[in-house]
Amino acid sequence: MSLFKARDWWASVLGEGEEFDQGCLCVGDVDNSGTGYDKIIVGSFMGMLRIFSPHPAKPDELTEADTQLLEVQMPDPIIQVELGKFVSCSESLHLAVLHPRKLSVYAVSGTAGNVEHGDQYQLRLVYEHNLQRTACNMTYGPFGGVTGHHFICIQSMDGMLMFFEQESYAFGRFLPGFLLPGPLSYCIRTDSFITVSSTRQVECYRYETLAVATDADTKQDSNQQSKSSGKRLTADWTLVLGEEALDICVPNTSPAMSSIFVLGERNLFCLKDNGQIRFMKKLEFNPSCFLPYASVSEGSTNVLMCNHNNMLLVYQDVTLKWAAQLSCVPVAVRVANFLELKGLVVTLSSDGHLQCSYMGTDPSFFTAPKVDAREVNYDEIDAEMKMLQRVIREATKTQDILPRAETEEELRLTAVVSSSLDEVSCAIIPEMNGMPVPSVTVKVKIKSRAVVQNPKMTVCVQPPLAVTQDQFVLDSMGSGSELVVSFSAFLNGLYPPADMSGDIAVSYSSATELNPSGIPRVSQCKFSLPLRLVCYPSSAIKNAKYKITVDTNKPPVNLNEVFPDFSEKSDNNDSSALGFQLITGSKVIVLASKTSQRYRIQSESFEDIWLVAKELVQRFDQHFASLGVKDFRNSFTGPIPLPEYFETVDHHFELRVNAQKYQDLLSERAVQFRAIQRRLLTRFKDKTPGPLQNLDTLMEGTYRQVLALADAAEDNRERLIQAFARLRSATHLLILLLSLWQGLNSEQTTILEATLLPLLQDTPQLGWEESVDAAVSHLLKTCLSRSPKDQAISLSTGPLTIPKDTSRLKKHIMLLCDRLGKGGRLSLSSEANVPTAVMMPAACETIPEPIIEQDEEAPLQQDAAKYIKKKQSSKRVKSKSGKERRKK
């Protein structure tokens with residue numbers, strides 16, 4: 001904040017709700033009074049034109065209405081106002097008013113009054129030009145070196161410069177490479193126009209070049225004619241700024257030398273008239289407007305600059321000479337001479353605050369009030385300190401990043417899945433593999449505890465599951481009201497799902513005292529679909545390719561009691577065997593041992609075991625809990641079926657590689673197809689027809705190849721989606737077996753799921769293999785590391801890209817299982833205790849990122865069930881001579 005404030009000499013607020021910009025302010029002797037004193041002309045976007053002759057109010061005056069000479073309502077918005085010699089056969093100053101589609105030139109005259117009402121001023125239209133294009137801004141000057149007159153150049157919104165020689169239209173030229181209009185100014189000394197294009201570079205065009213260039217009515221005509229006639233419009237010089245320009249000004253301070261000032265968003269540039277940079281000033285604020293003017297020091301120029309911090313700064317070249325505080329943010333600044341004071345600074349804000357001020361030297365100091373001295377009571381301070389410490393301890397007991405949820409939500413959701421399937425299925429595909437596709441109804445009960453505005457419910461299930469309607473727009477609900485919404489879920493794909501759960505989210509607005517329109521909130525709930533939705537009861541078979549065994553600590557139970565919904569329609573009355581026929585998969589068999597406490601799950605497809613295994617474990621827990629058994633536990637003794645799991649991984653990776661190959665081939669064929677098209681087009685346009693040289697045959701063959709590749713890529717994409725769903729099922733099964741094998745708790749299982757299932761779907765930019773490899777490597781270097789030295793090694797932060805093969809990923813997953821089998825525990829809290837990186841001596845080389853592969857690699861040829869036998873780490877002992885030798 002500045003020590004000094006700009007002293008108000010005269011101020012006024014123009015209208016109410018009007019808007020102004022940098023071209024809406026102009027000062028000069030508009031009525032040609034000959035006194036040498038200026039008037040202020042202001043135009044607004046509302047079309048209001050005002051002329052002021054300000055003077056400070058005298059003590060005995062009650063109003064300042066006599067300072068406003070004229071106020072006229074124009075029919076169109078006023079973009080810019082300028083004063084100049086715009087009328088032929090007259091050297092008087094006239095007022096040019098630029099509207100979006102019209103340029104009007106007025107004469108302002110005053111008549112001396114004979115009564116106390118004072119002088120009268122009139123605005124008379126001299127001539128006007130109707131514009132064919134929407135105007136943006138304008139500049140004026142003695143174009144072409146004329147004397148005693150001023151011409152006008154208007155820049156349109158589509159990049160056309162329109163030149164008017166007073167009452168007549170001269171010509172129009174389009175700027176090359178135009179996109180958006182920029183500031184425009186005229187340099188008298190070089191007879192050229194300076195603007196800043198959308199490419200953020202200053203461009204200079206000579207008037208002579210513009211005058212002799214080809215005339216055109218449209219941009220297309222301009223391009224065609226410039227090519228045919230050779231009179232193409234080119235810039236005299238250009239200079240790259242690298243930022244947008246707010247304004248351009250060329251002050252007439254010296255006839256021998258002219259400077260071009262360009263105000264950027266962060267810098268002030270001063271250029272010579274040949275485009276060379278004279279100096280540049282980096283600004284530490286956001287400027288709003290500026291005005292260069294003549295300095296008392298020869299060879300330098302003063303610049304008035306206003307910024308968005310309400311500051312008025314005075315620079316002499318690059319040196320800050322003065323700073324003063326303003327009452328608003330100006331969008332235009334001028335210097336004017338009035339009757340009682342010369343050199344006043346006139347500023348105009350965007351909301352119409354017009355102010356005439358000067359830079360005084362009366363500082364504004366703030367003196368803090370004195371504080372009453374009092375004696376310090378140390379007992380009260382100690383009691384207050386203990387109370388504050390107790391509050392801090394209570395607040396820091398929880399380490400949660402997110403705030404705790406309120407005990408009672410404003411909207412409570414309850415999802416109830418029907419215990420029976422729908423009598424009439426709502427499935428889109430009524431039959432798959434010769435079996436009817438069922439559907440089940442889900443009812444969502446919404447109960448409101450407060451007023452809820454604009455609730456919207458969204459239902460999400462994982463493919464290939466689908467619902468009859470996933471978006472619901474509900475009516476606003478009052479306090480205590482209830483609402484029930486129903487929909488049906490069904491199978492809608494030719495492959496089994498990996499997840500039978502769904503999510504429901506209701507977004508709504510809750511009004512408060514401070515925000516009556518409502519604060520956005522979200523309530524969520526989950527639901528699980530029954531296994532009966534994706535499979536039917538089937539007869540049991542004794543042999544299958546893939547088998548897993550689940551152990552329990554209780555005697556075997558009747559499977560018909562655990563699966564009553566499947567035993568009713570099953571033809572097999574054997575209680576120790578139960579069959580499940582997936583609608584879009586293979587048959588899964590559950591066999592209960594009659595002599596031991598084991599249950600075998602077998603199928604011809606490894607990933608199809610997942611849904612039945614998950615359902616078996618959950619129903620066992622529910623069955624024994626209903627009997628009051630508290631020490632029931634499921635377990636898995638191994639071996640972990642990693643080779644079977646890796647088959648699913650390799651199949652998914654192969655499809656990803658094929659997708660990339662199809663993409664590359666499509667790109668090559670598309671480039672070839674476009675090249676053939678260009679060759680044919682050139683042949684067809686040639687005036688002397690020639691043979692096509694089998695280009696048409698080549699184009700047809702290429703077109704057929706593009707279609708075939710596109711069909712193959714689409715087919716591969718569909719198979720990749722199915723492969724990823726099967727990979728997710730196999731990964732879920734692997735996580736279940738690892739948790740049963742090592743007795744992982746819910747927190748550790750969640751970490752394992754986040755590691756092996758980081759994605760819900762594959763994308764071309766990020767796939768499952770590289771994501772899982774990075775996550776597993778992170779666990780192996782943190783909570784599952786062998787020593788703190790491994791934790792000290794910095795993790796790789798490079799971009800994730802598709803690997804060349806899956807060998808590295810397989811090794812890491814095998815190491816993960818090995819570390820878990822040897823007592824490793826998954827935890828995120830250990831990451832906070834990771835020691836800092838060890839500074840290696842200069843003679844030591846850093847360990848490469850794949851450190852886990854140095855001493856712990858296991859040959860893939862061995863059976864993964866027989867976990868890796870680690871190589872014994874080398875132990876180093878020192879001999880008597882002091883040299884190290886390895887002991888194996």
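Hydrogens, waters and symmetry mates play no part in the numbers below; they use all other heavy atoms, side chains included.
Here OG1 of T458 is found 11.0 Å from CG of D503. Values are rounded to the nearest 0.5 Å. Going from atom CD1 of I751 over to atom CD1 of I735 covers 12.0 Å, rounded to the nearest 0.5 Å. Taken from CH2 in W768 to CG in L757, the straight-line distance is 8.0 Å, to the nearest 0.5 Å. In this structure, the separation between CD on E647 and CD on E607 is 9.5 Å, given to the nearest 0.5 Å. Atoms CG and CD, on L655 and Q660 in that order, are 13.5 Å from each other to the nearest 0.5 Å. With values rounded to the nearest 0.5 angstrom, I640 atom CD1 is found 6.0 Å from C817 atom SG.
Side-chain atoms of S596 do not come within 3.5 Å of backbone N or O of S593 as any donor-acceptor pair. R532 places a side-chain N or O within donor-acceptor distance of the main-chain N or O of C535, the cut-off being under 3.5 Å. A donor-acceptor contact shorter than 3.5 Å links the side chain of N553 to the backbone of R633. Side chain of R669 to main chain of V706: no donor-acceptor pair is present (N/O by atom type, distance under 3.5 Å, no hydrogens or angles). Judged by distance alone, with hydrogens and angles left aside, the side-chain atoms of Q742 form no donor-acceptor pair with the main-chain N or O of L744 at under 3.5 Å. No donor-acceptor pair under 3.5 Å is formed between the side chain of S448 and the backbone N or O of G480. No donor-acceptor distance shorter than 3.5 angstrom exists from the side chain of E644 to the backbone of T648, with no hydrogens or angles considered. Looking at T702, its side chain does come within 3.5 Å of a backbone N or O of L698 through a donor-acceptor pair. A donor-acceptor contact shorter than 3.5 Å is absent between the side chain of D818 and the backbone of M814.
Between H652 and the options F646, Y645, F724, a ring pair (Phe, Tyr, Trp, His ring centres under 6.0 Å) holds for only F724.
F490 is listed as a side-chain neighbour of I428, based on a closest heavy-atom distance under 4.5 Å. No side-chain heavy atom of R600 sits less than 4.5 Å from a side-chain heavy atom of V590. By the 4.5 Å heavy-atom criterion applied to side chains, P455 and V452 are counted as neighbours. Using a 4.5 Å cut-off on side-chain heavy atoms (C-beta onward), F673 and M699 make contact. A heavy-atom distance below 4.5 Å is not found between the side chains of N543 and Q602. Between F624 and K554 there is a side-chain heavy-atom pair separated by less than 4.5 Å. The side-chain heavy atoms of H623 and V557, taken from C-beta on, include a pair separated by under 4.5 Å. For the pair D773/P803, no side-chain contact is recorded, criterion being any heavy-atom separation below 4.5 Å from C-beta on.
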**Message:** Determine whether R808 and S777 satisfy the following criterion, side-chain contact (heavy atoms from CB on, under 4.5 Å), listing intermediate values before the conclusion.
**Reply:** CA-CA 10 Å; R808 174 188 170 93; S777 301; 4.2 Å; yes
**Asked** Going through the distances and angles, do K526 and S501 end up as a side-chain contact (heavy atoms from CB on, under 4.5 Å)?
**Response** CA-CA 7 Å; K526 290 181 175 293; S501 63; 5.6 Å; no
**Request:** Show your working on side-chain contact (heavy atoms from CB on, under 4.5 Å) between Y599 and D551 and close with a plain yes or no.
**Result:** CA-CA 6 Å; Y599 302 87; D551 296 343; over 6 Å; no
**Item:** Residues M457, V485; criterion side-chain contact (heavy atoms from CB on, under 4.5 Å); working and verdict
**Value:** CA-CA 9 Å; M457 190 177 78; V485 180; 3.5 Å; yes
**Message:** Let's go through T806 and D650 carefully: what are the C-alpha distance in whole Å and the side-chain angles of both, what is the deciding distance for side chain to side chain donor-acceptor pair (under 3.5 Å) to 0.1 Å, and is it a yes or a no?
**Reply:** CA-CA 7 Å; T806 58; D650 289 337; 2.8 Å; yes
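A salt bridge links R521 with E410: at least one charged nitrogen is closer than 4.0 Å to a carboxylate oxygen. We find that R656 and E770 are joined by a salt bridge, their nearest charged nitrogen and carboxylate oxygen being less than 4.0 Å apart. A salt bridge between K587 and D608 is absent, with no side-chain N of the basic residue lying under 4.0 Å from a carboxylate O of the acidic one.
The stretch residues 462-483 participates, sequence neighbours left out, in these salt bridge (Lys or Arg N to Asp or Glu O under 4.0 Å) pairs: K445-E482. Pairs of residues two or more places apart, or lying in two chains, that qualify as side-chain hydrogen bond (donor to acceptor under 3.5 Å, both in side chains) and include a residue from residues 419-442 are D422-S439, D422-T441, D422-S488.
Under the 30°/60° scheme for interplanar angles, the aromatic rings of W610 and H732 are found to lie parallel. Using cut-offs of 30° and 60° for the angle between ring planes, the F527 and F487 rings count as perpendicular.
By the neighbour-count criterion of 12 heavy atoms within 6.0 Å, atom OH of Y703 is sparsely surrounded, having that number or fewer from other residues, nucleotides or ligands. Counting heavy atoms of neighbouring residues, nucleotides and ligands inside a 6.0 Å radius, atom CZ of R598 does not exceed 12 of them. Within 6.0 Å of CZ on R825 lie more than 12 heavy atoms contributed by other residues, nucleotides or ligands.
The two residues P497 and S729 come nearest to each other via the heavy atoms O-OG, 3.8 Å. Of all non-hydrogen atoms in T584 and Y495, the two that sit nearest each other are OG1-C, 3.1 Å. Closest heavy-atom contact between L756 and L734: CD1-CD2, 4.3 Å. For the residue pair I583 and P438, the shortest heavy atom distance occurs at CD1-CD, 3.7 Å. The heavy-atom pair separating E604 from A544 by the smallest distance is OE2-CA, 3.3 Å. Smallest separation of non-hydrogen atoms from V649 and E769: O-OE2, 4.0 Å.
Note: Y536 and F580 fail the aromatic proximity criterion, with ring centroids not under 6.0 Å apart.
Side-chain polar atoms of S603 and S586 form a donor-acceptor pair below 3.5 angstrom. Side-chain N/O atoms of D621 and N634 include a donor and acceptor closer than 3.5 Å.
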